Visitor: 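Sharing a structure here in structure tokens format.
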2 protein chains.
Amino acid sequence: MAGKVAQRRAALRENLVLIAERTISEKGLTALRARDLASEAGCAVGAIYNVFGDLTDLVLTVNARTFHRLGADVAEALAEAPQDPVEQLIVMAQAYHKFAADNHLSWRALFDVERAPDEAAPDWYLEEMGRLFAYIADPLAVIFPGRDSHEHALLTRALFSSVHGIVLLGLDQASSGVPAEDIDRMIALVLRQLTASS
Amino acid sequence: MAGKVAQRRAALRENLVLIAERTISEKGLTALRARDLASEAGCAVGAIYNVFGDLTDLVLTVNARTFHRLGADVAEALAEAPQDPVEQLIVMAQAYHKFAADNHLSWRALFDVERAPDEAAPDWYLEEMGRLFAYIADPLAVIFPGRDSHEHALLTRALFSSVHGIVLLGLDQASSGVPAEDIDRMIALVLRQLTASS
DNA sequence: CCCTCAATTGAACGCAGTTCAGTGATAGGC
DNA sequence: GCCTATCACTGAACTGCGTTCAATTGAGGG
């Protein structure tokens, strides 16, 4: 039986990812414990380290999946959006907001995981980020046809960052919780203004 | 000698805050250790817990000071700004950016400290936040005289959140580091557009 | 069927924050 | 000025975490 070991490894890996994903989404990143994980997966704590380098590796794997789901939601919203590029941007931003609200703890884990300061961002992160930026850049290119690429890149980043900031502070409990419809109104307000031809 | 104990307590408290402030600003929140703190302050670890409930309390005290310095910097920038309300907003936002860049680790500690999910935000936080919001709301009231207060509040929050998001992602290493002048350009771009009368 | 060696185990390690019984200084009464 | 009840201070010990590694197990070729 060649590959029996590899099969078990793969099954364990998948299992650990699913358990970690559920734990993070239900109780948050800080509730993730190596011992709980092992006990739920029915394996020894050491087995985790045969499959992942450390817990951060596992969290990054979960984050990659979360980021991918986020990208898919935004893409789906874009596909169903009207032709008007401004409306497309608003629909995507509100899809971003909805994802963050519906998957709050998983979404927070995307940013709360501690990265080694010198280590580069993982490839999948840059790829997914690039995909999101592309979704934004396309309507922007329609709205502002006559700008150079650097300016386009800055505008894309500024737009994403602004929406991200609105969602981040809007969902933050410390800011005493802004109602969801107010967040959506802020998003629409900002995007309409940012894309208005001066 | 009445109050000799109280004096020592106060001196220790001040000392601990200063050491923690320096540690956070130089090495980041995650480098703060109770034992290192005690050894630097020349006291026992237990003494920390006579003065602060736990390390989070100490960090929150440091954060209050950081937030206050941030507010002062923004206020100073506003005082030196031209009369034009749009320029005032830009100058304040760029002062916010400069503070975050110059005090990166201390600024990060403002958001990275873990808060108990049910616990309310501390008073000083709401006060300082309110002060910052007031700095923004004043020029906005000049620019948009005819809006109701709820809309003003939303616009103020949206504006702050957008600038915060631009600075946050701009300074984030994972986004491969946006040059400071590009961050300032994004800030100016966004604020000019957001305050343009449609 | 046995032997070899790698995968797996879980007790142990190092290192955090936090606690608490023991210790010593303080402040008030005499 | 002394005595003592009180309380702050001490730091070793406790708890809980991620991670490691000597011991053990079991898979797979001869």
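So you know, we letter chains A, B, ... as the sequences are listed, proteins then strands, and number each from 1. Computed from a predicted model, the values in this text were never measured in an experiment.
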Visitor: May I ask you to check if B/Arg147 and B/Phe144 form a cation-pi contact, with NZ or CZ under 6.0 angstrom from the six-membered ring centre and within 45° of the axis?
Guide: yes

Visitor: Rounded to whole angstrom units, what separation is found between the CG atom of B/Leu58 and the P atom of C/dG17?
Guide: 11 Å

Visitor: Could you state the atom-to-atom distance from CZ of B/Arg8 to P of D/dA8 in whole Å?
Guide: 10 Å

Visitor: Any side-chain heavy-atom pair from B/Leu140 and B/Tyr135 closer than 4.5 angstrom?
Guide: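 Sidechains of B/Tyr135 and B/Leu140: no contact.
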
Visitor: In whole angstroms, how far is the P atom of D/dC9 from the CZ atom of B/Arg13?
Guide: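 One finds 13 Å between P of D/dC9 and CZ of B/Arg13, rounded.
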
Visitor: Tell me, which of residues 16-26 of chain B have any heavy atom that sits under 4.0 Å from an atom in DNA chain C?
Guide: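 Per residue number, the list is empty: none.
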
Visitor: What is the distance, rounded to the nearest whole Å, between atom CZ of B/Arg9 and atom P of C/dT26?
Guide: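 Distance check: B/Arg9 CZ to C/dT26 P gives 15 Å.
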
Visitor: Are A/Arg69 and A/Glu76 ion-paired here, with the side-chain N under 4.0 Å from a carboxylate O?
Guide: no

Visitor: Produce a footprint string for nucleotides 10-23 of chain D: one letter per nucleotide, 5' end first; B if the base is under 4.0 Å from any protein heavy atom, S if only the sugar-phosphate is, - if neither.
Guide: BBBB---BBBB---

Visitor: Sequence neighbours excluded and cut-off under 3.5 Å, please list the side-chain donor-acceptor pairs for residues 179-190 of chain A, or say none.
Guide:
{"unit_1": "A/Asp182", "atom_1": "OD2", "unit_2": "B/His150", "atom_2": "NE2", "d": "3.3"}
{"unit_1": "A/Asp184", "atom_1": "OD1", "unit_2": "A/His97", "atom_2": "ND1", "d": "2.8"}

Visitor: Evaluate whether atom CG of A/Asp123 has more than 12 neighbouring non-hydrogen atoms of other residues, nucleotides or ligands under 6.0 angstrom away.
Guide: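 Atom CG in A/Asp123 is not packed in, count stays at 12 or less.
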
Visitor: Which pair of non-hydrogen atoms, one from B/Pro139 and one from B/Met92, has the smallest distance, and what is that distance?
Guide: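 Nearest pair, atom of B/Pro139 first, then B/Met92: CG-CE, 4.2 Å.
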
Visitor: So does A/Arg9 pair up with A/Glu14, basic N to acidic O under 4.0 Å?
Guide: no

Visitor: To the nearest Å, how far apart are B/Asn15 CG and D/dC9 P?
Guide: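 Taking atom P of D/dC9 as the reference, CG of B/Asn15 is at 13 Å.
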
Visitor: Is the distance between the ring centroids of A/Phe133 and A/His152 under 6.0 Å?
Guide: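 So the answer is no for these two rings.
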
